[in-house]
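Notes to accompany the following structure.
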Amino acid sequence: MTGRKKGGLLLILALGLYLLLSGSSSDLLPWARDITQVKLMRTIALDVGDEELIQVTLSGGLQRQGQEGSDTLPLLLSRQGMTVFGSVQALQTESDGYVDMGHLSDCVIGEALARKGIDGLADFLERDFSMRLGTRLFLLAGDTGETALRMTSSKTTALTDRLEAISQNRTYGGKDWPFTVRTYLADTEDNGVALLPVLELADNPDYDPEGQGEQPEKEIHLTGLACLVDQRLAGALSKEESRGASLLSGWDQLDRFQVELPDGTVAGIRLVLCQCRWEPEFDETGRLTAVTARLEVQGELNELTGWADLTDPAVLNALEQGFLGQVTGLAQAALDRSQGDGADFLHIRRQLVYQCPAHSAQLLAHWEEWFSTVELHAAAEGSVERSYDVDMPMEEGA
């Protein structure tokens with residue numbers, strides 16, 4: 001190729017690049033925005049609005065008035081529409097800047113909307129490019145998400161701060177918060193059943209109406225789990241069933257137990273390990289007849305109120321059996337609830353399909369028929385470790 005042809009080719013490429021960046025194709029690139037005009041949203045709440053519309057409420061984090069200014073209440077925006085998408089788009093007119101949802105960390109769903117169905121939310125979450133699959137999901141019992149955003153915010157805290165603390169210091173969870181958009185979509189796609197953590201509002205004893213907004217009016221607490229079937233709220237699990245479901249799913253590594261020994265001594269035990277394996281039984285025709293959820297657990301003795309001698313093998317055996325019995329009871333409660341409701345919220349079928357490929361075709365074809373009659377059992381095995389010897393000097397037991 002001659003030098004003249006090379007030069008002409010470079011000129012054409014440069015012209016094409018210029019047109020791409022500044023001409024009619026500029027819609028392919030993101031709009032340039034001043035960072036001071038962007039409003040970062042951290043929490044989204046979804047509720048049933050007027051005339052069966054969908055109400056979307058967005059909240060940001062704490063705001064500061066300049067570098068040396070004082071905190072102000074988090075930005076709160078709310079609009080209603082026929083779809084989640086329509087409501088979100090309408091919110092762009094409610095702020096003096098561009099409302100950015102790319103940093104959403106939490107989604108709170110009001111109970112009324114959950115009972116009506118959140119299939120529109122799932123569709124929006126899958127299609128909207130700004131939504132993150134790692135966004136945490138919560139269900140608010142007995143109230144609206146908009147109320148939670150408004151009543152739990154103050155100049156010193158926002159709802160997103162409290163939800164982040166719940167996810168980090170949780171009772172229902174492992175290393176990572178398990179109830180995210182990604183998990184919800186995967187579980188719903190698997191068999192139409194998913195679990196969500198349940199939140200409840202409570203009065204804040206430190207709330208002072210004259211305190212210039214330093215304390216929120218309401219507190220919010222994690223109370224258990226709820227089951228959604230075909231993206232509609234089917235019912236809330238009891239505290240025991242919620243703990244059992246968390247144990248069986250491998251989420252709960254932070255549970256606590258109290259075991260009373262025959263002499264009245266009460267031991268406080270912290271769960272430090274919980275792993276579940278599923279053991280199926282098939283008959284000669286390949287039909288599933290029973291499934292045992294075998295939990296391998298380890299506890300750590302944290303407190304002992306009494307005079308029980310932990311060097312006595314009989315006392316240690318009573319301590320461990322009491323601990324294992326409670327774990328088994330919680331797991332069995334979750335299994336019974338799942339089978340009784342006909343909702344495989346533990347996704348046992350998925351576990352067995354992965355574990356038993358030779359039976360996968362039959363499991364997929366007959367699971368709904370088999371699930372109602374198969375025997376479901378829970379069994380826990382493990383030990384309780386002593387954290388330290390109180391009779392040992394500090395320097396020796398360090």
Over 12 foreign heavy atoms within 6.0 Å of CD, Glu368: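 Not more than 12 within 6.0 Å, no.
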Who pairs with [X] by side-chain hydrogen bond (donor to acceptor under 3.5 Å, both in side chains), at least two apart in sequence or on another chain?
X: Thr188; answer: none
X: Asp47; answer: none
X: Thr289; answer: none
X: Glu320; answer: none

Any idea which heavy atoms bring [X] and [Y] closest together, and the distance?
X: Ile269; Y: Val384; answer: CD1-CG2, 4.0 Å
X: Lys116; Y: Glu52; answer: NZ-O, 3.0 Å
X: Leu304; Y: Ala308; answer: CD2-O, 4.0 Å
X: Leu324; Y: Gly382; answer: CD2-N, 3.7 Å
X: Ser153; Y: Ala158; answer: OG-CA, 4.3 Å
X: Leu335; Y: Leu376; answer: O-CD1, 4.0 Å

Ring pair (Phe, Tyr, Trp, His ring centres under 6.0 Å) evaluation trace for Trp278 with Tyr354: CA-CA 11 Å; Trp278 300 91; Tyr354 292 154; over 10 Å; no
Asn191/Phe371 under side-chain contact (heavy atoms from CB on, under 4.5 Å): CA gap, chis, key distance, verdict: CA-CA 13 Å; Asn191 64 357; Phe371 186 56; over 6 Å; no
List the residues meeting ring-ring contact (aromatic ring centres under 6.0 Å, His included) with [X], not counting sequence neighbours, and say none if there are none.
X: His366; value: Trp370
X: Tyr184; value: none
X: Phe345; value: none
X: His359; value: Phe282

Residue pair [X] / [Y], side-chain heavy-atom distance below 4.5 Å:
X: Glu200; Y: His221; value: no
X: Leu199; Y: Leu222; value: yes
X: Val56; Y: Val84; value: yes
X: Val229; Y: Cys227; value: yes
X: Pro280; Y: Gln355; value: yes
X: Lys218; Y: Asp203; value: yes
X: Pro205; Y: Glu219; value: yes
X: Thr152; Y: Arg162; value: no

Members besides Leu53 in its Ile/Leu/Val/Met/Phe/Trp/Tyr cluster (side-chain heavy atoms under 4.5 Å):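 Its cluster mates, by chain and number, are Met82.
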Reported [atom1]-to-[atom2] distance for the pair [X] and [Y], which is rounded to 0.5 angstrom:
X: Asp106; Y: Ile166; atom1: CG; atom2: CD1; value: 9.0 Å
X: Ile118; Y: Gln231; atom1: CD1; atom2: CD; value: 6.0 Å
X: Thr328; Y: Glu381; atom1: OG1; atom2: CD; value: 9.5 Å
X: Ile44; Y: Ser59; atom1: CD1; atom2: OG; value: 11.0 Å
X: Arg277; Y: Thr292; atom1: CZ; atom2: OG1; value: 10.0 Å
X: Leu159; Y: Leu149; atom1: CG; atom2: CG; value: 5.0 Å

Derivation of the side-chain contact (heavy atoms from CB on, under 4.5 Å) call for Gln215 and Ser154: CA-CA 6 Å; Gln215 287 289 336; Ser154 70; 5.6 Å; no
Ile109 vs Leu233, side-chain contact (heavy atoms from CB on, under 4.5 Å): CA-CA, chis, key distance, verdict: CA-CA 11 Å; Ile109 303 167; Leu233 179 62; over 6 Å; no
Arg287/Glu369 ion pair, N-O < 4.0 Å: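 Salt bridge present between Arg287 and Glu369.
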Ionic contact status for Arg294 with Glu296, cut-off 4.0 Å: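 Arg294 and Glu296: not salt-bridged.
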Partners passing salt bridge (charged side-chain N to carboxylate O under 4.0 Å, His left out) against Asp187 (at least two apart in sequence or in another chain):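 Scan of Asp187 (salt bridge (charged side-chain N to carboxylate O under 4.0 Å, His left out), adjacent residues dropped) gives Arg350.
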Cluster overlap Leu46 with Leu133, hydrophobic side-chain contacts below 4.5 Å: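 Yes, same cluster.
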same_hphob_cluster(Leu364, Trp367) at 4.5 Å side-chain heavy-atom cutoff: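 Yes.
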Residue pair Val315, Asp263: steps toward the side-chain contact (heavy atoms from CB on, under 4.5 Å) verdict: CA-CA 10 Å; Val315 173; Asp263 66 349; over 6 Å; no
I'd like to know if the side chain of [X] reaches the main chain of [Y], judged simply by a donor and an acceptor atom lying under 3.5 Å from each other, with no hydrogens or angles considered.
X: Gln351; Y: Leu346; result: no
X: Gln80; Y: Asp50; result: yes
X: Ser105; Y: Thr135; result: no
X: His347; Y: Val193; result: yes
X: Ser246; Y: Ser242; result: yes

Given Val272, Leu247, Leu271, the one that forms side-chain contact (heavy atoms from CB on, under 4.5 Å) with Val297: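 Single side-chain contact (heavy atoms from CB on, under 4.5 Å) partner of Val297 among Val272, Leu247, Leu271: Leu271.
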For Ala318, all residues meeting side-chain contact (heavy atoms from CB on, under 4.5 Å), sequence neighbours excluded: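 For Ala318, the residues satisfying side-chain contact (heavy atoms from CB on, under 4.5 Å) (neighbours in sequence not counted) are Leu261, Pro262.
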For Thr147, all residues meeting side-chain contact (heavy atoms from CB on, under 4.5 Å), sequence neighbours excluded: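 Thr147: side-chain contact (heavy atoms from CB on, under 4.5 Å) contacts with Asp143, Thr144, Arg150, Met151, Leu201.
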Test item: side-chain donor near acceptor, Thr180 and Thr183, under 3.5 Å: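 Side chains of Thr180 and Thr183: pair found under 3.5 Å.
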